[in-house]
Amino acid sequence: MSAPPSRPCPAPRCRRGRCRRCRRCRRGRCRRCRRGWRRGCSACRGSSFFPGLFVLARRGLAAIAGCPQSRATVLAARLVSSVQAVMASTAGLIISSSCQRNVIDDRHWLAWAYPSFAVPYFVYDVYAMYLCHLCRAQVKGHGPRRPGPARAAAAFLRQELLMVLHHLAMVLVCFPVATLWRQGKGDFFLGCLLMAELSTPFVCLGKVLIL
């Protein structure tokens, strides 16, 4: 349930929240409350989908293909990244093709649903990149020993600092802009930005081939 709005109700002759708008908001039935609840549900689905797909892919590659655990971890992380990129590009294509009449005011439900679903991916991917960093020495045949957690984290940040900053910016800056600050404007341009993820599967394929 959402708290009553802090701003005074614009309805005429409203006293102590007796108008229909105030009563609906107190019960969590107003449009703003429903949208916030849907964003939370989309984020929960993304929080379970991407890590779950990573675990299933890693176990499947280790059991079916007979890959070592380190190599299966790297391949599973690249697979999840490719899946997210294909989903983002598809969502962007649908949004852009549906908002061509008025690129400023036209709206599509995927413009608020997919960013909420995809934002947990960037949190998961930081951890997946850290696991790949730990497994990279084993994949290249540098021995089974792993460095200590502090050294491994420091080496990971030195090597992947730009990617970590990119993921933090996506969560802390781009997600609030895409879902809150736009105020329903510019869904067409958001779809165009999502289609830029189409290059990610090819990048992942190149990294897999050089293992």
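Of the inter-residue distances, the one linking R78 atom CZ with T73 atom OG1 reads 11.5 Å to the nearest 0.5 angstrom. Summarising the geometry, atom SG belonging to C204 is positioned 10.0 Å from atom CD belonging to Q84; distances are rounded to the nearest 0.5 Å. Rounded to the nearest 0.5 angstrom, L190 CG and I95 CD1 are separated by 5.5 Å. Of the inter-residue distances, the one linking C44 atom SG with F117 atom CZ reads 11.5 Å to the nearest 0.5 angstrom. Residue I94 holds its CD1 atom at 11.0 Å from OH of Y114, rounded to the nearest 0.5 Å. The CE atom of M129 lies 12.5 Å from the CG atom of L134; values are rounded to the nearest 0.5 Å.
Put simply, the side chain of R58 reaches to within 4.5 Å of the side chain of Q69, judged on heavy atoms. L161 places none of its side-chain heavy atoms less than 4.5 Å from the side chain of F156. Counting only heavy atoms from C-beta outward, the side chains of S89 and L194 never approach each other to under 4.5 Å. Residues V86 and P201 meet the side-chain proximity criterion, which asks for heavy atoms closer than 4.5 Å. Residues T90 and M87 fail the side-chain proximity criterion, which asks for heavy atoms closer than 4.5 Å.
Side-chain atoms of S96 do not come within 3.5 Å of backbone N or O of L93 as any donor-acceptor pair. Panel note: side chain D187, backbone H108; a donor-acceptor pair is recorded below 3.5 Å.
Cluster annotation: F189 is not connected to V177 through the hydrophobic network of ILVMFWY side chains, with a link wherever side-chain heavy atoms come within less than 4.5 Å. In terms of hydrophobic clustering, with Ile, Leu, Val, Met, Phe, Trp and Tyr side chains grouped at heavy-atom distances under 4.5 Å, V123 and V55 are assigned to a common cluster. No path of Ile, Leu, Val, Met, Phe, Trp and Tyr side chains, each step under 4.5 Å between heavy atoms, connects L198 with V208, placing them in separate hydrophobic clusters. Note: the hydrophobic cluster containing L79 also contains L131 (ILVMFWY, side chain heavy atoms under 4.5 Å, direct or indirect links). The hydrophobic clustering, which links ILVMFWY residues whose side-chain heavy atoms are closer than 4.5 Å, places F188 and I104 together.
For the residue pair H133/Q159, the side-chain donor-acceptor check at 3.5 Å is satisfied.
For F49 and Y121, the ring centers are positioned 6.0 Å apart or more.
Under a cut-off of 6.0 angstrom, the local environment of CD1 in I64 is sparse, with at most 12 non-hydrogen atoms contributed by other residues, nucleotides or ligands.
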Under 3.5 Å, which donor-acceptor pairs link side chains of residues 163-175 to any protein atom two or more places apart or in another chain?
unit_1 : atom_1 : unit_2 : atom_2 : d
H167   : ND1    : M163   : O      : 2.9
H167   : NE2    : D125   : OD2    : 2.7

